[in-house]
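Start at 1 and go down the list; that is how both ligands and their atoms are numbered. Bear in mind the structure is a predicted one, so any value in this text is a computation, not a measurement.
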Amino acid sequence: MTDPKVVVEAIGLTKVYGDGEKVYALNDVSFRVQAAEFVAVMGPSGSGKSTLLNMIGALDKPSAGKVIIDGHDLGSLHDLDRFRAKTVGFVFQMHNLIPTLTAIENVEVPMHGQGISERERHQRAQELLTMVGLQGRGHHLPSQLSGGQRQKVAIARALANSPAIILADEPTGNLDSVSGDEVLSVFETLHSQHGTTIMIVTHDANVARRTHRILMMRDGKIVQEDIVGDTFTEDLKVLARSELGQAVLHGQTPDTLSPAERDLIQQLLKRVMA
Ligand SMILES: Nc1ncnc2c1ncn2[C@@H]1O[C@H](COP(=O)(O)OP(=O)(O)OP(=O)(O)O)[C@@H](O)[C@H]1O
Ligand SMILES: [Mg+2]
């Protein structure tokens with residue numbers, strides 16, 4: 001099997017602030033994110049989460065180390081603005097929508113200057129709004145949308161140029177739990193149905209638990225890495241090796257299961273045994 005595509009590679013990433021007393025916002029951080037991964041970054045305030053995201057998204061330059069995104073070394077690119085617009089989609093805590101533009105027009109903004117016709121821009125923006133569950137809201141101004149809906153527009157806008165990765169910095173931080181949940185569901189759908197690669201900074205352990213990997217930061221370093229749902233996978237593997245699991249995997253339908261249940265369990269077991 002070939003290696004899954006690496007979308008982000010950070011090598012020895014370091015960011016130092018200050019002339020006198022230096023602050024190591026990032027201190028020799030290395031990690032990779034592969035295509036179609038959904039990764040959470042957690043850690044206390046000031047641990048370097050936003051700095052890390054900003055370096056990956058080429059919003060800021062590292063003091064040392066390098067970032068390779070989608071095969072491009074950011075340090076050797078000349079037109080970072082152009083690269084960023086095409087390759088990275090940002091979603092921030094504050095949606096940053098333009099208040100005088102409708103939802104559709106906001107989503108179209110990043111498509112300007114990309115050689116896309118007006119009709120195509122409009123159509124794609126509409127498709128993206130549907131994808132995030134906002135069909136029928138395209139002509140609303142941000143002020144006519146709820147906080148959660150605005151954040152969904154911001155996600156649609158981030159997707160406008162089919163970026164290699166979505167970087168989201170506390171996208172649910174300003175929302176009540178119900179709206180936050182809905183916004184997170186949008187990320188989950190993007191990931192599961194469209195294979196979107198997502199990196200999300202969050203303070204909320206419940207948000208992080210819905211991703212697949214958690215990078216824990218402290219004092220500018222990644223101090224821990226957890227694979228989410230590992231125990232669930234292990235439990236399924238135990239089931240797959242059991243008599244029942246083996247029967248299902250071999251296409252038999254034990255008396256206690258309906259054919260539909262058998263199919264569902266078979267699918268799950270095949271996935272963990274793949
Ligand atoms: N422009 C800057 N100038 C000086 N110091 C900075 C600057 N930006 C960040 N820092 C410092 O770098 C460290 C990391 O900041 P960062 O914003 O990345 O933290 P964070 O983990 O995102 O925190 P929070 O959870 O509060 O958003 C902090 O100590 C911060 O004070
Ligand atoms: Mg931050």
Shortest protein contact, [atom] (heavy atom only):
atom                    : value
atom 12 (O) of ligand 1 : Ala25 CB, 3.2 Å
atom 17 (O) of ligand 1 : Ser50 CB, 3.8 Å
atom 13 (C) of ligand 1 : Gly46 O, 3.6 Å
atom 26 (O) of ligand 1 : Ser45 OG, 2.5 Å
atom 18 (O) of ligand 1 : Thr51 OG1, 2.5 Å
atom 11 (C) of ligand 1 : Tyr17 CD1, 3.9 Å
atom 25 (O) of ligand 1 : Lys49 NZ, 2.7 Å

(message) Report whether any nitrogen, oxygen or sulfur of Thr51 sits less than 2.8 Å from the Mg ion (ligand 2) (N, O or S, backbone or side chain).
(response)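 No, Thr51 does not qualify, because none of its backbone or side-chain N, O or S atoms lies under 2.8 Å.
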(message) Let me confirm one number: the CE-CD1 distance from Met131 to Ile155, rounded to the nearest 0.5 Å.
(response) 11.5 Å
(request) To the nearest 0.5 Å, tell me how far Thr51 OG1 sits from Asn27 CG. (result) 12.0 Å
(request) Assign the ring pair Phe187 / Phe38 to parallel, tilted or perpendicular, where the plane angle (0 to 90°) is split at 30° and 60°. (result) tilted
(request) Return the orientation label for the His122 and His139 ring planes: parallel under 30°, perpendicular over 60°, tilted otherwise. (result) tilted
Could you list which atoms of ligand 1 come closer than 4.0 Å to a heavy atom of [X]?
X     : result
Ser47 : 19 (O), 21 (O)
Val23 : 29 (O)
Pro44 : 21 (O)

Strictly by modelled atom types, are [X] and [Y] linked by a side-chain donor-acceptor pair under 3.5 Å?
X      : Y      : value
Thr253 : Arg262 : yes
Glu170 : His203 : yes
Ser179 : Asp176 : yes
Thr102 : Arg137 : no

(request) Give a yes or no on whether Asp219 atom CG has more than 12 heavy-atom contacts from other residues, nucleotides or ligands under 6.0 Å away. (result) no
(request) State whether the number of non-hydrogen atoms from other residues, nucleotides or ligands found under 6.0 Å of Tyr24 atom OH is greater than 12. (result) no
(request) Using protein heavy atoms only, decide if any is under 4.0 Å from atom 30 (C) of ligand 1. (result) no
(request) Between His203 and ligand 1, find which residue part has any heavy-atom pair under 4.0 Å and reply side chain, backbone, both or neither. (result)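 Only the side chain of His203 comes within reach of ligand 1.
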(message) With nothing but distance in play, are any N or O atoms of Leu52 less than 3.5 Å from an N or O of ligand 1?
(response) no
(message) Please report whether ligand 1 has a polar contact with Gly43, defined as an N or O pair separated by less than 3.5 Å (distance criterion only).
(response) no
